[in-house]
Visitor: 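Sharing a structure with you now.
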Amino acid sequence: MRVSVQAEAFDLGTELAGFGSAGSTGAVVTFTGVVRDETGTLEALEIEHYAGMTTRAITEIAQKAQARWDLSDVLVIHRYGVLGVGAPIMMVATASAHRAAAFEAAEYLMDYLKSRAPFWKKEVRSEGAQWVAAKHADQDALDRW
Amino acid sequence: MRVSVQAEAFDLGTELAGFGSAGSTGAVVTFTGVVRDETGTLEALEIEHYAGMTTRAITEIAQKAQARWDLSDVLVIHRYGVLGVGAPIMMVATASAHRAAAFEAAEYLMDYLKSRAPFWKKEVRSEGAQWVAAKHADQDALDRW
Amino acid sequence: MTLEVLYFAWVRERIGLPREQVETQAATVADLVAELIAREARYEAAFADISALRVALDQDLADFDAPLCGVREVAFFPPMTGG
Amino acid sequence: MTLEVLYFAWVRERIGLPREQVETQAATVADLVAELIAREARYEAAFADISALRVALDQDLADFDAPLCGVREVAFFPPMTGG
C-alpha cells in the first residue's frame, strides 16, 4: 500500500510501474480525477487540505478497503494547491486476482475519499472564486457499502 | 474511440497519453487484465482470436457503452498470442465528466468483452495445456445491464 | 452453396483444422451441424454437445436455428473467455 | 486548558485566520463553539449553521457533543470535497 499527499503533478504510467506485480494479480483498476471545465470559464482549482490529517485519513480508508477485499496492492495519490484545467487531481489504483474486487475497492476508495478525506476545492473564475459544495449524492454514495 | 487488437505488449501510460483530453473530462477509469499465476505452475497463456470478428465485435460493444453513458473517450486494447505471467492481456479506459459513468462504462465493457468478444484462453502448464472454461458468473454479469 | 467454415479453440483442435470450405444445401446452422456430424467421428466429437458451443454467421453471433441463406462464413467455437 | 484550534476553507475565510490557540474550560465541542460565537461577529458568521460544519478532534472526525477532555487539537471545516 502506498499513500501520497503532494503538490506535484503525477504521471499515471510512472506511478503504476511495479504496481500489483505479485503473481496473484489478475486485475488492475485505476481512477484518475481531472480538473474539469465544462463552461470554459474556470481559471484554476485551488485545493486546500488539513495537512496533519490527510495522510492518516486516507491510510485508514485504504486499510478498510484491504480488510474488505482481497487486494494485492493499493495506491492513493491526492494533490493540493493550485491546479489548472486538465490537470490530474488525484488517483487510486487497486490490484486483485479478480476484476469484481478491483472495481469495487476502487469505487469504495473514491466514495470515502470524497466524503471523509479532508480536502476542499475552490473554483477560481474570472467572475470570482467559490468553494465547491459537497454533494448529497456523494454522501449518499457511502450508504451502499 | 480507439480499438486495437494486437499481439504486441502495451504500456498503460503510453496508451493514455492524450486520452480524454476534452475539457469536459473529470474522471478516467482504466482496467488492465494481467496474466495471473496463483499456483506457480503456469508457463504461458495462449490467446486465440477470430481475427475477422474481434475488432468489429469490440467496436460494437464500445458503441453500445457510448450510447448508454456520456463518455468523452473510450479505449479498448486486447492482445492475442502467447503471453507470460504478469504480462498485460487487455485494457479498457473510459473518460467522462463524472466518476459514476466512467466506472459503470468500464465495468460494462469488461462484462461484454468477457462473454461477447471472440477470444479464447489456453493455460499452458508443465503438466499439460487446458482451455479456460467460461464462467457462469461472467455470463450472469451481463444480466445487470 | 459453398460456405467458408471456421473452427476455434477446442472445436478447432477436435476437428483438426482451423477452416475449410463446405459444399452444402443445409437450410440452417443445425442442418449444417448434422451434415458435418454424419461425415466423421472428429466432427461428432466436436459437436457432441451443441449447448456448449456458439456460432457466428458472417462474424455476427447467431443461433443454431438461424437460416444459412446468403451466408458466406460460418464459425463454430466454445463460449468466449477473453477480457 | 489550551487548545490548538484550526479552521479550513470558508470557515477559515470567515474567521480570518487558519489557526489560533484558545484558552477554555469548555467541556464539549458545542460548548467551545458557543464560547467562540460569543466572542465576535466573525465567529458567529462562521458557526451560524452548525449542521453545515464538521469537526475533527486530534485529527479524527468527531461529533459536536464530543468531550474535549484530553484533546489538544480541534479543527472546524465544511463537508469535504476531495477526490
Side-chain angles (χ1 to χ4, degrees), chain A residues 10-42 45 70 72-73 84-100 102-104 106-111 113-114 135 137-138 141 144, chain B residues 10-42 45 70 72-73 84-100 102-104 106-111 113-114 135 137-138 141 144:
Chain A
F10 60 84
D11 173 72
L12 186 71
T14 307
E15 300 296 341
L16 288 178
F19 180 80
S21 55
S24 61
T25 296
V28 174
V29 170
T30 74
F31 176 93
T32 309
V34 178
V35 180
R36 174 168 51 96
D37 179 27
E38 280 170 309
T39 57
T41 61
L42 190 73
L45 188 70
D70 192 6
S72 50
D73 215 343
V85 173
I89 302 170
M90 52 83 62
M91 69 167 287
V92 306
T94 55
S96 183
H98 302 288
R99 76 185 190 283
F103 269 120
E104 284 178 23
E107 291 187 68
Y108 175 95
L109 287 171
M110 285 309 303
D111 285 349
L113 288 169
K114 284 262 171 199
K135 293 196 191 92
D138 285 334
R144 62 171 160 159
Chain B
F10 59 83
D11 174 72
L12 187 70
T14 306
E15 299 297 340
L16 288 177
F19 180 79
S21 56
S24 61
T25 297
V28 174
V29 169
T30 73
F31 175 92
T32 308
V34 178
V35 179
R36 176 167 52 94
D37 178 28
E38 279 169 311
T39 56
T41 60
L42 189 73
L45 188 69
D70 193 6
S72 50
D73 215 343
V85 173
I89 304 170
M90 52 81 63
M91 70 167 288
V92 305
T94 55
S96 183
H98 303 288
R99 76 184 189 283
F103 269 120
E104 284 178 24
E107 292 187 67
Y108 175 96
L109 287 171
M110 286 308 305
D111 285 349
L113 288 170
K114 284 261 171 200
K135 294 195 191 94
D138 286 335
R144 61 170 162 161

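Chain A is the first sequence line, chain B the second, and so forth, proteins listed ahead of strands; every chain is numbered from 1. Only a predicted model underlies this, so the values are computations on that prediction, with no experimental measurement involved.
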Visitor: Considering only heavy atoms, give the residues of residues 86-99 of chain A separated from chain B by less than 4.5 Å, sorted numerically, with 'none' for an empty result.
Guide: A/A97, A/H98, A/R99
Visitor: Taking atom CG of B/D70 as the centre, does the number of heavy atoms from other residues, nucleotides or ligands within less than 6.0 Å exceed 12?
Guide: no
Visitor: Between A/F103 and B/F31, what is the ring plane arrangement, given parallel below 30°, perpendicular above 60°, and tilted in between?
Guide: parallel
Visitor: Could you tell me which of A/K114, A/M110, A/E38, A/R36 has the largest number of non-hydrogen atom pairs under 4.5 Å with chain B?
Guide: A/R36
Visitor: Under 4.5 Å, heavy atom to heavy atom: which of residues 18-25 of chain B reach chain A? Give them by number, or say none.
Guide: B/G23, B/S24, B/T25
Visitor: With chain B, which of A/T39, A/D111, A/T14, A/V85 has the greatest number of heavy-atom pairs at distances under 4.5 Å?
Guide: A/D111
Visitor: Nearest 0.5 angstrom please: B/L16 CG to A/L16 CG, how far?
Guide: 9.0 Å
Visitor: Quick check for you: among A/L42, A/V35, A/V29, which has the greatest number of heavy-atom pairs under 4.5 Å with chain B?
Guide: A/V29
Visitor: Less than 4.5 Å to any heavy atom of chain A: does that hold for the side chain of B/A100, its backbone, both, or neither?
Guide: neither
